[in-house]
Amino acid sequence: MTYTEFINSLLDTMPPASARDYLKVLWFEKKGQWKQSHDIAQEIHNEVGSRLHAYLHRREGDNGNARYWYNQAGLPFPKVTMDEEWESMVKEFLG
């Protein structure tokens, strides 16, 4: 799937069936379904799951919790915008 195809899938009611959980987290978040996104992220028990969890808490404005999760992922708190971070992760996970 390309980035453009992923973006176009946001018009659908469900994420693409072939999308890995990493992408489903970002898909649901972009659709405004934070809880659904968070529920999936909590079940990913690796550094990527921690990174996604951090991003979600940053999105909700809970920077303290986000910093904890970025630390768990071995990453600094991002200096980019939320939209830039989202796009970067989607492209990375599609690659």
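The shown structure was predicted, so the numbers you read here are calculated from the model rather than taken from an experiment.
- With sequence neighbours left out, Q33 forms a side-chain hydrogen bond (donor to acceptor under 3.5 Å, both in side chains) with no residue at all.
- Side-chain heavy-atom separations under 4.5 angstrom define the hydrophobic clusters, and the remaining members of the one that includes Y68 are W69.
- Checking R51 against Y55 by side-chain atom types alone, no donor-acceptor pair falls below 3.5 Å.
- Heavy-atom minimum distance, L23 versus V90: CD2-O, 3.9 Å.
- Residues meeting the side-chain hydrogen bond (donor to acceptor under 3.5 Å, both in side chains) test with S50, sequence neighbours left out: none.
- Side-chain atoms of T81 and E84 include a donor-acceptor pair closer than 3.5 Å.
- Under the rule for a side-chain hydrogen bond (donor to acceptor under 3.5 Å, both in side chains), the partners of E60 that lie at least two apart in sequence or sit in another chain are H57.
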Acceptor/donor pairs from residues 10-21 side chains to any protein atom, 3.5 angstrom cut, sequence neighbours excluded:
none

Mind running side-chain contact (heavy atoms from CB on, under 4.5 Å) on E5 and N8 for me, showing each step along the way? CA-CA 5 Å; E5 289 168 335; N8 289 340; 5.6 Å; no

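- Residues H38 and H53 meet the side-chain proximity criterion, which asks for heavy atoms closer than 4.5 Å.
- To the nearest 0.5 Å, the span separating CG on L26 from CD on E87 amounts to 11.5 Å.
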Before you tell me yes or no, could you show the steps for R58 and E85 under side-chain contact (heavy atoms from CB on, under 4.5 Å), namely the whole-Å CA-CA distance, both residues' side-chain angles and the distance that decides it to 0.1 Å? CA-CA 11 Å; R58 181 178 175 219; E85 184 179 13; 2.6 Å; yes

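- Here F93 pairs with Y22 under the ring-ring contact (aromatic ring centres under 6.0 Å, His included) rule; sequence neighbours left out.
- Within the 3.5 Å criterion, the main-chain N or O of F6 finds a donor-acceptor partner in the side chain of S9.
- In this structure, CD on E29 lies 8.0 Å from CH2 on W86, to the nearest 0.5 angstrom.
- Between E43 and H45, the closest side-chain pair of non-hydrogen atoms falls below 4.5 Å.
- Contact of the M89 side chain with the L52 side chain is registered, since non-hydrogen atoms from C-beta on lie closer than 4.5 Å.
- Atom CZ of F28 is separated from atom CG of L56 by 12.5 Å, given to the nearest 0.5 angstrom.
- Nearest heavy-atom pair across N46 and V48 is OD1-N, 3.0 Å.
- D83 has its side chain within reach of K30: a pair of non-hydrogen atoms, C-beta onward, lies under 4.5 Å apart.
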